[in-house]
Amino acid sequence: MTVSRILTMKGRAVVTVAPEQTLHEVALLLSTKGIGAVVVSSGVSQVLGIISERDLVHAIAEKGAVALDDMVALHMTERVVTATEKTTINSLMQHMTSGRFRHVPVVEEGSLVGLVSIGDVVKHRLEEFEAEQRALKDYIATA
Ligand code: AMP
């Protein structure tokens with residue numbers, strides 16, 4: 001099973017911010033959209049970084065509320081681990097576990113085409129387990 005299956009189910013829209021925007025703007029986006037991270041992009045689908053709720057917490061813990069006026073570029077992670085549509089869900093889960101992050105942007109030919117969160121992966125795995133259980137029950141009932 002690949003990333004493409006998850007994107008087909010959840011959609012390909014990704015919330016992005018520019019590196020010059022402020023942490024306060026990011027906090028507003030995360031809160032209103034009910035998400036945990038935004039991709040930092042130049043506006044031409046190029047991934048420049050990622051900033052998550054964890055980065056906001058670190059910045060505020062370190063500098064206090066004034067950190068909310070800082071630019072995204074100061075606090076984003078620049079070395080972003082990305083996936084392609086062909087990346088398997090297993091490999092995605094391994095990357096998330098070993099890298100200790102919960103969001104992976106999906107990039108095709110240098111362009112951002114989606115984002116998969118740990119929540120999407122868990123939802124997908126649960127649906128797979130339920131389908132397997134149904135198939136097993138049907139098999140037992142008809143055997
Ligand atoms: P998260 O678990 O996604 O809230 O992120 C935890 C930390 O990892 C934060 O510092 C993020 O900026 C960073 N991060 C999130 N996603 C990625 C990713 N795909 N590649 C590299 N770093 C990431």
Side-chain angles (χ1 to χ4, degrees), residues 1-140:
M1 201 63 71
T2 63
V3 160
S4 136
R5 173 76 178 265
I6 291 185
L7 291 188
T8 303
M9 283 161 63
K10 74 165 276 202
R12 283 155 207 274
V14 186
V15 180
T16 63
V17 289
E20 307 79 38
Q21 286 186 254
T22 63
L23 293 202
H24 187 214
E25 288 175 294
V26 172
L28 272 174
L29 269 177
L30 298 183
S31 168
T32 53
K33 306 266 182 198
I35 54 177
V38 288
V39 171
V40 186
S41 174
S42 56
V44 286
S45 313
Q46 195 197 353
V47 176
L48 301 174
I50 190 162
I51 185 156
S52 81
E53 52 201 359
R54 199 160 291 178
D55 299 312
L56 260 70
V57 169
H58 280 310
I60 293 164
E62 195 185 312
K63 300 173 77 173
V66 287
L68 290 170
D69 295 326
D70 281 356
M71 281 198 319
V72 164
L74 272 178
H75 299 280
M76 69 184 188
T77 301
E78 285 181 49
R79 294 184 62 171
V80 183
V81 175
T82 61
T84 69
E85 300 229 14
K86 289 199 182 82
T87 303
T88 63
I89 308 299
N90 277 347
S91 140
L92 194 77
M93 288 193 300
Q94 276 164 16
H95 286 313
M96 284 178 166
T97 307
S98 61
R100 292 176 168 271
F101 48 73
R102 298 164 291 178
H103 302 88
V104 177
V106 185
V107 173
E108 288 291 340
E109 291 171 11
S111 289
L112 181 64
V113 297
L115 182 133
V116 178
S117 74
I118 194 116
D120 299 325
V121 174
V122 169
K123 183 170 182 278
H124 172 81
R125 293 292 285 159
L126 275 177
E127 280 164 7
E128 267 187 352
F129 286 138
E130 280 163 13
E132 273 168 24
Q133 267 195 340
R134 272 198 304 276
L136 271 175
K137 275 187 190 154
D138 288 351
Y139 174 74
I140 291 165

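Nothing fancy with the numbering, it's 1 onward along the sequence. Counting starts at 1 for both ligands and their atoms, following the listed order.
The contact set between ligand 1 and Val80, taken as ligand atoms under 4.0 Å from a residue heavy atom, comprises 18 (C), 19 (N), 20 (N), 21 (C). Counting atoms of ligand 1 from 1 in the listed order, those under 4.0 Å from a heavy atom of Arg79 are 21 (C). Close contacts of ligand 1 with Thr77, meaning ligand atoms under 4.0 Å from a residue heavy atom, involve 10 (O), 11 (C), 12 (O), 13 (C), 22 (N). Near Pro105, the atoms of ligand 1 lying under 4.0 angstrom from a non-hydrogen atom of the residue are 19 (N). The atoms of ligand 1 that sit less than 4.0 Å from any heavy atom of Arg102 are 1 (P), 2 (O), 3 (O), 4 (O). Those atoms of ligand 1 with a heavy atom of Ile50 less than 4.0 angstrom away are 12 (O), 14 (N), 15 (C), 16 (N), 17 (C), 23 (C).
Checked by atom type and distance alone, the side chain of Ser31 never pairs as donor or acceptor with a backbone atom of Ala27 at under 3.5 Å. A donor-acceptor contact shorter than 3.5 Å is absent between the side chain of Glu62 and the backbone of Ala59. At least one donor-acceptor pair under 3.5 Å links the side chain of Lys10 to the backbone N or O of Leu115. A donor-acceptor pair under 3.5 Å is formed between the side chain of Glu25 and the backbone N or O of Thr22.
The salt bridge (charged side-chain N to carboxylate O under 4.0 Å, His left out) pairs that include a residue from residues 88-116 are Glu53-Arg102, where partners are two or more places apart or lie in different chains.
For His75, the side-chain hydrogen bond (donor to acceptor under 3.5 Å, both in side chains) partners two or more places apart in sequence, or in a different chain, are Asp70.
Close N/O approach between Arg54 and ligand 1 is not found [any backbone or side-chain N/O within under 3.5 Å]. For ligand 1, the polar-atom distance check finds no N/O of Glu53 at less than 3.5 Å from any of the ligand's N/O atoms.
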Residues Leu68, Ile60; criterion side-chain contact (heavy atoms from CB on, under 4.5 Å); working and verdict: CA-CA 7 Å; Leu68 290 170; Ile60 293 164; 4.0 Å; yes
side-chain contact (heavy atoms from CB on, under 4.5 Å) between Val106 and Val14, intermediate numbers included: CA-CA 10 Å; Val106 185; Val14 186; over 6 Å; no
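Nearest protein heavy-atom neighbour of atom 8 (O) of ligand 1: Phe101 CB, 3.6 Å. The protein non-hydrogen atom at the shortest distance from atom 5 (O) of ligand 1 is Ser52 OG, 3.3 Å.
The heavy atom nearest to atom 20 (N) of ligand 1, considering only Val81, Val40, Asp55, is found in Val81.
Using a 4.0 Å heavy-atom cutoff, His103 is listed among the residues neighbouring ligand 1.
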